[in-house]
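Structure first, then comments.
Because the structure is a prediction, the values reported are computed rather than measured. Quick note: numbers below take in every heavy atom, side chains included, and nothing from hydrogens, waters or symmetry partners.
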Amino acid sequence: MCGIVGYVGRGEVVEVLLRGLRGLEYRGYDSSGIAVHDGRELVVVKRAGRIANLERALEGTSLCGDAGIGHTRWATHGVATDENAHPFLSSGGTFAVVHNGIVANYRELASALSARGVTLSSDTDSEVIAHLMESRYEGDVLAAIRSAVAELRGSYALAVLSACEPGVVYGIRRDSPLVVGKGRDGYFLCSDVSGIFDLCDEYCPLRNGEIVRLTAAGAELFGADGVRRPLCFLAEREDACEKGEKAGDRMLAEIREIPRSLCLGYDDFPREEIRSLLSEPWEDLLLLGCGSAYHAGLVCKGALREICGVEARAEIASEFLTSEPLVGPRTLAIVLSQSGETADTLRAAERVKSRGGRLLSICNVRSSSLVRSSDHVIVTRCGRECAVAATKSYCAQVQALLLFCLEYSDIKGKMASDKIAFLRRELAALPEKAAEVVAEEGRFVRLAGELKEAKAVFYLGRGLDYAAAREGSLKLKEVSYLFSEAYPSGELKHGTLALMERGVYGVIVATNPALYEKNAATIAEISCRGATPIVIAPPSLVSRYSVERSLPLPECPPLFSPILSAITMQLLAYHTAKARGCDPDRPRNLAKSVTVE
Ligand code: F6R
């Protein structure tokens with residue numbers, strides 16, 4: 001994780017860097033800092049905590065220059081302190097470096113540097129990079145950078161300033177993302193387009209091993225082989241999220257955008273391309289992702305079984321990487337990611353490709369590493385998602401996956417054509433139903449007032465409702481810090497029922513009329529042990545469950561309810577976080593884009 005930015009040009013360097021960092025803060029907010037070449041030397045200012053702390057530290061200084069780099073940190077090695085904040089300056093003041101990634105061999109490198117008399121001032125893996133560059137410097141900055149990174153194991157995206165070259169910023173990457181931007185007033189480096197979205201007209205994602213040298217006059221690119229190459233800029237803009245929401249309410253604003261993004265997602269689904277892909281004789285469907293994206297994959301796995309008669313695998317990307325994968329040329333891997341930059345997901349996708357499998361990615365960022373490495377792509381249409389918790393992107397992924405399943409079912413002849421037509425119409429009607437859920441905010445506020453005191457919250461469900469419950473539980477725990485776990489309702493009696501008592505809540509996702517009796521039994525089992533049930537179901541079922549607390553959903557086929565129940569649980573999590581005084585946009589210990597394995 002961590003966000004890095006670099007700038008060289010005619011603009012106000014400090015202000016431009018701060019703007020870039022504000023756009024990247026979702027990647028980590030443990031500390032932030034900048035380094036500027038002020039014409040004489042490299043000056044570093046950095047602070048633990050939010051960017052506001054850095055802004056305060058810069059107030060009243062007259063720091064200026066024409067080149068600078070900046071960093072916003074998500075701590076991996078070393079706690080969040082000023083000392084562990086980036087940029088790091090080499091001991092002789094020759095190099096300043098910001099880093100995103102993990103230097104796997106930093107301990108060995110640090111001992112070698114210490115043996116040569118270098119004093120390290122932080123507990124991070126990143127600091128060694130600046131000292132290494134200085135120790136390799138023999139009059140050629142580019143050569144020193146190259147020689148230093150050749151010693152690094154692990155992943156990195158780096159922005160580098162050298163005191164010996166005023167007005168120049170270098171960037172280099174391996175397995176962590178880095179984009180070069182071209183704006184009217186200069187050139188930029190950024191972890192991803194969102195940091196420089198308002199400042200640039202064109203972007204060029206760097207490839208592994210490439211190194212770029214930026215000056216106000218232009219950008220030079222050198223390939224991994226050292227040969228100079230032209231930069232190929234793309235004039236691309238992601239959809240902007242709606243403006244006007246006050247800071248601190250991004251999560252809520254993004255939930256409110258779901259109906260609109262579902263409309264776009266339905267209209268823009270690449271139906272013909274997907275049908276032609278699905279007409280190939282696939283023997284194996286593999287769904288890969290992390291966190292919420294993995295949960296969307298679980299919904300798809302259930303839907304594939306229900307309407308296509310296909311048994312697919314859904315795997316957490318990091319787990320998939322722990323053993324030799326069972327993948328071959330007849331494997332279609334559907335790789336799910338909002339950002340398209342999640343390190344585990346990217347590695348898993350690479351692993352599939354290296355074993356001859358095909359990649360279909362469902363991703364929200366067109367310029368991402370995942371999209372660039374995929375054979376086929378569905379770009380979800382939610383615009384930028386800035387709050388850390390995935391909300392609209394999860395719903396968009398599930399929608400794309402359900403559209404995918406409907407096409408597959410049709411191709412496989414698993415459902416009558418009038419049934420498919422009915423389901424397509426129902427899917428087209430979901431945006432309106434989503435808007436109904438979003439409009440009912442009062443009831444979430446009331447329930448959240450009660451839930452905020454819960455000892456623990458279990459999310460329970462069966463089949464597709466269980467897949468949805470997993471996402472609901474993740475949302476609650478990540479933004480409200482309440483203990484929460486998702487569990488298959490039928491499995492409760494095999495152990496977890498021991499935890500049901502007064503003060504514990506059970507959010508029961510029970511949208512399928514065919515499972516009414518079983519769900520009613522779950523409600524009874526937890527209530528009679530003192531736990532409080534909250535039922536999520538359409539009104540026709542809620543009235544039969546006769547519970548005091550419910551969150552009714554608009555009626556829809558149970559196959560599609562994971563979208564509506566997810567919105568309900570997102571709103572419940574958001575309001576519970578607010579009721580507990582938490583900041584749902586920037587939950588503790590997390591970052592939006594997890595670019596470390
Ligand atoms: C949860 C959440 C994370 C992400 C996960 C994958 O709200 O946001 O669990 O879903 O880190 O991220 P992407 O989808 O960008 O690969």
Side-chain angles (χ1 to χ4, degrees), residues 255 258-259 262 299 302 306 395 398 423 426-427 429-452 454 457-473 475-476 484 486-490 492 497 500 502 504-576 579:
I255 296 171
I258 291 172
L262 291 177
V299 173
E306 254 176 55
C395 292
V398 173
L423 288 175
E426 287 290 326
L427 208 42
L430 270 194
E432 260 173 55
K433 296 182 182 183
E436 279 176 47
V437 177
V438 171
E440 291 287 340
E441 266 183 49
R443 62 190 188 197
F444 296 101
V445 177
R446 277 192 301 281
L447 259 186
E450 202 182 317
L451 208 58
K452 71 174 190 195
V457 186
F458 286 87
Y459 280 72
L460 307 169
R462 293 165 195 268
L464 287 180
D465 284 339
Y466 169 56
R470 292 192 59 167
E471 176 59 7
S473 169
K475 230 50 351 163
L476 185 79
S484 173
Y487 225 71
S489 302
L492 267 188
L497 211 47
M500 293 300 157
R502 197 166 296 285
V504 171
Y505 283 71
V507 176
I508 300 150
V509 190
T511 66
N512 191 343
L515 298 171
Y516 164 73
E517 282 175 7
K518 291 202 154 120
N519 285 328
T522 304
I523 294 167
E525 281 161 17
I526 69 161
S527 313
C528 73
R529 285 162 176 93
T532 306
I534 300 173
V535 169
I536 298 181
S540 55
L541 283 174
V542 166
S543 57
R544 294 169 72 198
Y545 287 126
S546 63
V547 282
E548 271 178 44
R549 295 164 188 81
S550 64
L551 290 166
L553 295 180
E555 305 279 348
C556 78
L559 185 63
F560 302 151
S561 63
I563 294 184
L564 299 182
S565 60
I567 304 172
T568 302
M569 291 183 277
Q570 290 164 0
L571 284 166
L572 187 61
Y574 169 83
H575 286 290
T576 307

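- Heavy atoms only, all atoms of each residue included: Met500 and Val504 are closest at SD-CG1, 4.0 Å.
- With hydrogens and angles ignored, the 3.5 Å screen pairs no side-chain donor or acceptor of Arg470 with any backbone N or O of Tyr466.
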* Check the pair Gln570 / Cys395 against side chain to side chain contact (heavy atoms under 4.5 Å, CB included), numbers first and verdict last. => CA-CA 11 Å; Gln570 290 164 0; Cys395 292; 3.9 Å; yes

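- Within the 4.5 Å cutoff, the side chain of Ile536 has heavy atoms near those of the Met569 side chain.
- When every heavy atom of Pro562 is checked against every heavy atom of Pro558, the shortest pair comes out as CD-O, 3.6 Å.
- Annotation: the span from Leu572 atom CG to Ser565 atom OG amounts to 12.0 Å, rounded to 0.5 Å.
- Side-chain atoms of Thr511 never come within 3.5 Å of backbone atoms of Ser561 as a donor-acceptor pair (strictly under, hydrogens ignored).
- The CG atom of Asp465 sits 7.0 Å away from the CG atom of Asn519 when rounded to the nearest 0.5 Å.
- The distance from the OG1 atom of Thr576 to the CG atom of Leu451 is 4.5 Å, given to the nearest 0.5 Å.
- Note that CG of Leu492 and CZ of Arg529 are 9.5 Å apart. Values are rounded to the nearest 0.5 Å.
- In this structure, CG on Leu430 lies 8.0 Å from CD1 on Ile567, to the nearest 0.5 angstrom.
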* Decide salt bridge (charged side-chain N to carboxylate O under 4.0 Å, His left out) for Glu471 and Lys475; before the verdict, give the C-alpha distance in whole Å, the side-chain angles of both, and the deciding distance to 0.1 Å. => CA-CA 6 Å; Glu471 176 59 7; Lys475 230 50 351 163; 2.7 Å; yes

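- With a 4.5 Å cut-off on side-chain heavy atoms, Leu464 and Glu306 count as touching.
- Between Glu440 and Pro552 the shortest side-chain heavy-atom distance does not fall below 4.5 Å.
- Atom-to-atom distance recorded for Ile534:CD1 and Leu460:CG is 11.0 Å, nearest 0.5 angstrom.
- The salt bridge (charged side-chain N to carboxylate O under 4.0 Å, His left out) analysis of residues 540-555, with sequence neighbours excluded, yields the pairs Glu450-Arg549.
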* To do: Take Lys433 and Glu426 through the test salt bridge (charged side-chain N to carboxylate O under 4.0 Å, His left out) and record every step on the way to the result.
  => CA-CA 10 Å; Lys433 296 182 182 183; Glu426 287 290 326; 3.2 Å; yes

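- The shortest side-chain heavy-atom distance between Ser473 and Val457 does not fall under the 4.5 Å cut-off.
- A donor atom on one side chain and an acceptor atom on the other are found under 3.5 Å apart for Arg462 and Thr522.
- Closest of all the heavy-atom pairs between Tyr545 and Ala537 is CE1-CB, 4.1 Å.
- For residues 562-571, no pair satisfies salt bridge (charged side-chain N to carboxylate O under 4.0 Å, His left out), with sequence neighbours left out.
- Here the closest non-hydrogen pair linking Val398 and Val299 is CG1-CG1, 3.9 Å.
- Side-chain contact between Ser484 and Phe458: absent, with no pair of heavy atoms (C-beta onward) separated by less than 4.5 Å.
- Across Phe444 and Leu551, no two heavy atoms sit closer than the pair CE2-CD2, 3.8 Å.
- Legend: residues meeting ring pair (Phe, Tyr, Trp, His ring centres under 6.0 Å) with Phe560, ordered by chain and number and at least two apart, are absent.
- When all heavy atoms of Val438 and Ile255 are compared, the closest pair comes out as CG2-O, 3.9 Å.
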* Test side chain to side chain contact (heavy atoms under 4.5 Å, CB included) applied to Ile526 and Ile508, step by step -> CA-CA 10 Å; Ile526 69 161; Ile508 300 150; 3.8 Å; yes

